[in-house]
Every structure is written in structure tokens, then in C-alpha cells.
Novice: 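Submitted below is the structure of interest, expressed as C-alpha cells.
What you see is a predicted model; the values in this text were computed from it and never measured. Any value given below was found using the heavy atoms of this structure, including those in side chains, with hydrogens, waters and symmetry copies removed.
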Number of protein chains: 2
Amino acid sequence: MINDLLIQNIKKNVSLPDTDLKRICNYFKPKTIPKKEFLLTQGSICKFEGFVLEGCFRIFIIDKKGHENTLYFAAKDWWVMDIDSFMNQKPSDLNIQAIEDSKVLLITREDKTDLYNSVPSAEKLFRIMSQKSIVAWQQRLIRNHCQTAKDRYNYYISTYPDIASKLTDKQIAGYLGITHEFLSKIKKKS
Amino acid sequence: MINDLLIQNIKKNVSLPDTDLKRICNYFKPKTIPKKEFLLTQGSICKFEGFVLEGCFRIFIIDKKGHENTLYFAAKDWWVMDIDSFMNQKPSDLNIQAIEDSKVLLITREDKTDLYNSVPSAEKLFRIMSQKSIVAWQQRLIRNHCQTAKDRYNYYISTYPDIASKLTDKQIAGYLGITHEFLSKIKKKS
DNA sequence: TTATCAAGTTGAACTTGTTCAACTATTTTA
DNA sequence: TAAAATAGTTGAACAAGTTCAACTTGATAA
């Protein structure tokens with residue numbers, strides 16, 4: 001069943017009756033995104049919340065210097081969206097691009113609101129998911145402050161080997177917050 | 001009334017009936033923390049979620065080199081806790097210290113669980129608070145990657161002038177992720 | 001299959017930020 | 001109020017990371 005992965009993902013966060021799980025999953029519609037195509041581009045409003053079934057996405061921002069700075073990569077079993085743009089229905093600063101042929105399950109904003117009203121336990125699910133996400137962002141910020149680029153590189157490739165193997169060094173550099181030239185020099189020394 | 005500030009804070013996130021607001025607030029108990037004392041120390045388990053009524057806290061981690069790296073400052077109308085330690089009841093990596101005589105409202109973990117069960121709308125409240133928090137952490141990470149220390153300093157003091165005025169330069173440097181010597185040099189040049 | 005384009009490498013000069021040490025305020029405490 | 005502790009400043013040497021340009025390698029498409 002197409003929703004199996006989503007169900008497993010939900011179960012990692014909360015234990016819900018099967019009826020709730022099914023009702024939640026029914027709001028999500030599959031979509032295929034070919035490699036290099038965008039799920040969201042800077043300036044447009046994020047109208048979906050996505051769950052990745054296959055492939056991988058890069059969520060990045062283009063800064064004033066024209067550099068692509070990657071917020072995160074979302075592979076199978078990750079969530080993908082611009083939470084600020086989705087919540088507040090304002091133009092996004094982010095680009096979300098498939099780096100492989102990919103497949104996602106999407107829920108629209110209207111359906112998400114409806115979901116919260118009709119399946120109250122969804123509030124708990126997304127509260128817990130959000131709180132776990134805060135922990136991850138805090139830890140990433142700490143690593144950025146306390147560790148060198150080399151340590152951050154080693155941390156990423158050992159923590160997310162499956163994602164890292166799909167990425168070019170240029171993409172990884174954009175995630176670490178360094179230039180790809182410097183990443184090349186780091187790798188040579190190790 | 002002591003809970004006025006908390007009620008106003010909640011109302012910024014969700015609109016709830018007064019009965020719910022009161023029931024939520026009743027779980028929170030006031031506590032006074034003198035300047036320099038700790039609400040939480042590294043290694044202990046975070047047993048509370050706090051809302052700051054007066055004063056200011058510094059939430060920081062001591063890294064391998066012995067440097068104090070500040071995750072954030074929490075002044076009046078901010079929330080303060082180690083969300084990872086609180087959720088998972090595991091030893092905290094964080095220290096939370098009052099940098100002024102301070103007053104907080106605290107809810108214990110047991111009461112928080114009870115609150116979610118007895119006041120279902122609390123799920124929505126904390127979901128929305130958490131989602132806003134994710135946005136803030138994402139934006140901070142982007143600023144850390146795309147901006148120089150000087151830009152980050154100017155951003156902080158102009159965005160949070162009331163908090164910045166309570167802090168020493170050493171404390172601000174620890175938040176920006178730079179040494180206090182370098183902050184001193186930045187300030188001289190501007 | 002060759003031409004093209006993007007990814008990765010390397011070096012030299014440069015900028016940003018650190019370290020350490022010595023010094024000068026400014027607070028805090030006895 | 002004097003002594004002690006802490007915060008802030010400055011300089012010099014250093015390390016981390018950037019920039020730009022030239023080159024090599026690998027992938028992609030006509």
C-alpha cells in the first residue's frame with residue numbers, strides 16, 4: 001500500500017487507532033516530481049505539506065551574493081515544505097528541488113485545516129513532530145557554532161550516509177555553509 | 001493578575017475560550033530565581049517548561065574547548081526550557097542561568113501531560129508555538145550561514161534591543177558564535 | 001561519439017575570525 | 001572603601017575559510 005511508509009512514520013511519533021491513521025493518510029495525494037524540477041520556488045506560496053516516498057529533495061535559499069545555501073535535504077521518510085510560507089500563506093524564500101526522480105504525498109493547506117478539525121489526534125501528532133524538529137534545529141545550530149567545517153562534514157556523512165551518497169560535494173558544501181572549493185581541500189587533507 | 005502576561009502570550013497563538021485559558025494557566029506555578037542562579041544545569045533532567053514573567057535567562061552549552069555557546073536568551077514573554085531533555089526525560093546538555101533577578105511560571109512534566117489530556121485545545125496551542133519556533137530556528141541558521149558576524153550583531157541588537165541592553169558583550173558574542181575579543185574589534189570598526 | 005556543460009581540484013592572495021597575552025575599565029563583594 | 005573579580009580593549013601571530021582563475025574529470029545530450 002502506498003501509505004505504508006507514511007503510517008510507519010506517524011507511528012514513530014504517536015500511537016493512534018487505525019481509523020485515525022487511515023483518515024489522516026486519506027488526505028495525502030501522491031505526486032511525481034522528475035529530477036531537477038521544483039516543488040516550490042522562491043516568491044511563490046507553499047500550498048502543501050509533503051512526505052517523501054522516493055527520491056530526494058534539496059531545500060535551499062539563494063542569498064544576496066547568489067550563493068545557494070541549503071537548509072536541509074529530504075529523502076525517503078522525511079517531511080518537506082516551507083513551514084513559514086505554509087503557515088502564514090506568504091511568499092516563500094525557499095526553493096525545493098528534486099535531485100532525483102521523486103515521489104511525494106502532499107496535503108493541501110485547506111485539507112490540513114480540515115484534518116485538524118476532523119481528526120483531533122492530528123494536533124498531537126504534528127505537535128510532537130514539530131517539537132522533535134526544534135531539537136534537531138537547535139542541535140544543528142550548536143554544531144555550526146562549536147565545530148569546524150571538517151567535523152560538520154564528517155558528522156553529516158556518517159549520520160546520513162544514505163542521503164550523502166546521493167549528493168554532489170557542491171550540494172553538501174551548500175548545506176555545511178562552506179564553499180565547494182574549501183570542501184574539496186578538507187577532503188584532501190583527511 | 002500574575003497570569004495576565006501568559007494569557008496574552010497564549011492569545012497571540014490561538015484564540016481559546018476563557019475557561020480553557022484559565023485551566024491552562026492554573027497548571028503554572030510561579031518561581032523566583034535570583035541573579036546568577038540556575039534553573040537547569042548540564043547533566044540534570046529538565047522537569048519543567050517555563051514562561052518568563054520578569055528578568056532574563058541565558059540558555060547555553062559548554063563545548064569541548066570550554067567555550068560557553070549561547071542557544072538563546074529568554075526575557076519577559078519568552079518560553080524557557082530544554083525541550084529535548086523535557087520531552088525525553090534525558091540528561092540535559094544545557095545550562096539555564098538567570099542573568100537578572102527573575103520570575104517564571106513553571107509547569108511540571110506530569111502536569112503538562114495532564115494538561116494535554118484534560119484541555120485538548122492545549123495541543124493546538126503548543127503545536128502552533130512549536131511551528132513558529134521552527135521558523136525562527138531555520139531563519140537563525142540561514143543568518144549564520146549567509147551573514148558575517150558584524151551583520152549578525154547588528155541584526156540582534158536591532159531586533160531585540162530590550163534584551164541586548166541587559167547583556168554583556170561577552171554574552172552577546174557567545175550567542176553570535178564568535179569570541180568576545182572579535183566582537184570588541186567589530187564594534188570598534190563600525 | 002564528440003561536443004558541451006557541470007562537478008571537482010588546486011594554488012595564490014585575501015578576508016574573517018581565533019588565540020594568547022597584556023592591559024584598562026567597571027562591577028562586585030568583603 | 002579597598003580589594004578582587006569580571007568585562008572590555010588592543011596587538012601580533014595564527015588558523016579557518018573565501019575568492020578567483022585555471023585546470024581536470026566526469027556526465028549528458030545532440
Novice: Measure NZ/A:K189 against C1'/C:dG11 and give the value in whole Å, please.
Specialist: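 In whole Å, C:dG11 C1' lies 14 Å from A:K189 NZ.
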Novice: For a quick test of reading the model: is some side-chain N or O of B:T179 closer than 4.0 Å to OP1 or OP2 of C:dT18?
Specialist: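 For B:T179, the contact criterion (side-chain N or O under 4.0 Å from OP1 or OP2 of C:dT18) is met.
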Novice: Ring pair (Phe, Tyr, Trp, His ring centres under 6.0 Å): which pairs involve residues 95-114 of chain A, sequence neighbours left out?
Specialist: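 Listed once each, the pairs would be none.
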Novice: In residues 59-71 of chain B, what residues come within less than 4.0 Å of DNA chain D, judged by heavy atoms?
Specialist: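 Within this stretch, nothing sits under 4.0 Å of the strand.
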Novice: Please give me every residue in residues 169-177 of chain B whose heavy atoms get under 4.0 Å of an atom in DNA chain D, ordered by residue number.
Specialist: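 B:D169, B:K170, in order of number.
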Novice: In whole Å, what is the span from the CG atom of A:N144 to the P atom of C:dG17?
Specialist: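 Between P of C:dG17 and CG of A:N144: 14 Å.
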Novice: If I take atom CG in residue B:L183 and atom C1' in nucleotide C:dG17, what distance separates them, rounded to the nearest angstrom?
Specialist: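 Atom CG in B:L183 sits about 12 Å away from atom C1' in C:dG17.
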Novice: Donor-acceptor pair, distance only, cut-off 3.5 Å: does the side chain of B:S102 make one with the backbone of B:A98?
Specialist: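 Absent.
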Novice: Looking only at the side chains, is there a donor atom on one of B:R127 and B:Q131 sitting less than 3.5 Å from an acceptor on the other?
Specialist: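 Yes, B:Q131 and B:R127 have a side-chain donor paired with an acceptor closer than 3.5 Å.
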Novice: Taking B:Q138 for its side chain and B:V135 for its backbone only, find out whether a donor-acceptor pair lies under 3.5 Å.
Specialist: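 Pair absent, no side-chain N/O of B:Q138 close to backbone of B:V135.
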Novice: Supply the members, apart from A:F38, of the Ile/Leu/Val/Met/Phe/Trp/Tyr cluster built from side-chain contacts under 4.5 Å; use none for a lone residue.
Specialist: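 So far as hydrophobic clustering goes, A:F38 is joined with A:F60, A:I62.
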Novice: Report for the helix from C:dT1-D:dA30 to C:dA30-D:dT1: angle between first-end and last-end helix axes, five pairs each, rounded to 10 degrees.
Specialist: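 End axes: 50° apart.
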Novice: What is the distance, rounded to the nearest whole Å, between atom NZ of B:K187 and atom P of D:dT9?
Specialist: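 Nearest whole value for this atom pair: 6 Å.
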Novice: Within 45° of the axis and under 6.0 Å from the centre of the six-membered ring of A:Y175, does NZ or CZ of A:R140 qualify?
Specialist: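 Positive - A:R140 is close enough to the ring of A:Y175 and near enough to its axis.
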Novice: Restricting to nitrogen or oxygen on both sides, can you table the protein-nucleotides 21-24 of chain C pairs closer than 3.5 Å?
Specialist:
none

Novice: List in chain and number order the residues that pass side chain to side chain donor-acceptor pair (under 3.5 Å) with B:H145, two or more places apart in sequence or in another chain; answer none if no residue qualifies.
Specialist: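 For B:H145 the side chain to side chain donor-acceptor pair (under 3.5 Å) partners, ignoring immediate neighbours, are A:N69, A:N144.
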Novice: Can you check the A:E100 CD to D:dA27 P distance for me, whole Å?
Specialist: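 Computing the A:E100:CD to D:dA27:P distance gives 15 Å.
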Novice: How many Å lie between NZ on B:K166 and P on D:dA7, as a whole number?
Specialist: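 Taking atom P of D:dA7 as the reference, NZ of B:K166 is at 18 Å.
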Novice: Restricting to nitrogen or oxygen on both sides, can you table the protein-nucleotides 25-30 of chain C pairs closer than 3.5 Å?
Specialist:
| from | atom 1 | to | atom 2 | distance (Å) |
| --- | --- | --- | --- | --- |
| C:dT28 | OP1 | B:K35 | NZ | 3.3 |

Novice: Side-chain heavy atoms under 4.5 Å apart, restricted to Ile/Leu/Val/Met/Phe/Trp/Tyr: what other residues fall into the cluster of B:Y155, or is it alone?
Specialist: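 Traced through the cluster, B:Y155 reaches no other member.
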Novice: Any side chain to side chain donor-acceptor pair (under 3.5 Å) involving residues 7-18 of chain A? Give me the pairs, sequence neighbours left out, ordered by first then second residue.
Specialist: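 Pairs touching residues 7-18 of chain A that pass the test: A:N9-A:D77, A:N9-A:W79, A:K12-A:D77, A:N13-A:K132.
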Novice: Would the distance check show the side chain of B:D82 and the main-chain N or O of B:S85 forming a donor-acceptor pair, the cut-off being under 3.5 Å?
Specialist: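 Side chain of B:D82 to backbone of B:S85: a pair is present.
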Novice: Taking A:I61's backbone N and O only, do any of them form a donor-acceptor pair with A:N95's side chain (distance below 3.5 Å, no angle check)?
Specialist: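 Checking the backbone N and O of A:I61 against the side chain of A:N95, no donor-acceptor pair under 3.5 Å is found.
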Novice: Not counting sequence neighbours, which residues clear ring pair (Phe, Tyr, Trp, His ring centres under 6.0 Å) with B:Y160? List them please.
Specialist: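 Ring pair (Phe, Tyr, Trp, His ring centres under 6.0 Å) check on B:Y160 returns B:W78, B:Y156.
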Novice: Output the rounded distance in Å from NE2 (A:H180) to P (C:dT10).
Specialist: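 These atoms are roughly 13 Å apart.
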Novice: If we ignore angles and hydrogens, is there a donor and acceptor under 3.5 Å between the side chains of A:Y116 and A:S121?
Specialist: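 No.
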Novice: Output every pair passing side chain to side chain donor-acceptor pair (under 3.5 Å) with a member in residues 29-39 of chain B, not counting sequence neighbours, ordered by first then second residue.
Specialist: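 Counting only pairs at least two positions apart or across chains, no side chain to side chain donor-acceptor pair (under 3.5 Å) contact touches residues 29-39 of chain B.
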Novice: Hey, is NZ on B:K76 packed in by over 12 heavy atoms from elsewhere, all under 6.0 Å?
Specialist: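 Counting neighbours around NZ of B:K76, 12 or fewer heavy atoms of other residues, nucleotides or ligands fall under 6.0 Å, so no.
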Novice: Looking at A:F126, does the NZ or CZ of A:K112 lie under 6.0 angstrom from its six-membered ring centre and within 45 degrees of the ring axis?
Specialist: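 Yes, A:K112 sits over the ring of A:F126.
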Novice: Nearest nucleotide by nearest heavy atom, which residue falls closer to the 5' end of DNA chain C, B:Q147 or A:T168?
Specialist: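 The 5'-side residue here is A:T168.
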Novice: Quick one: does B:K185 reach the base of C:dT19 with a side-chain donor-acceptor pair under 3.5 Å?
Specialist: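 Yes, a donor-acceptor pair under 3.5 Å.
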Novice: Expressed in angstrom and rounded to an integer, what is the separation of A:R152 atom CZ from D:dA16 atom C1'?
Specialist: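 The answer, rounded to whole Å, is 10 Å.
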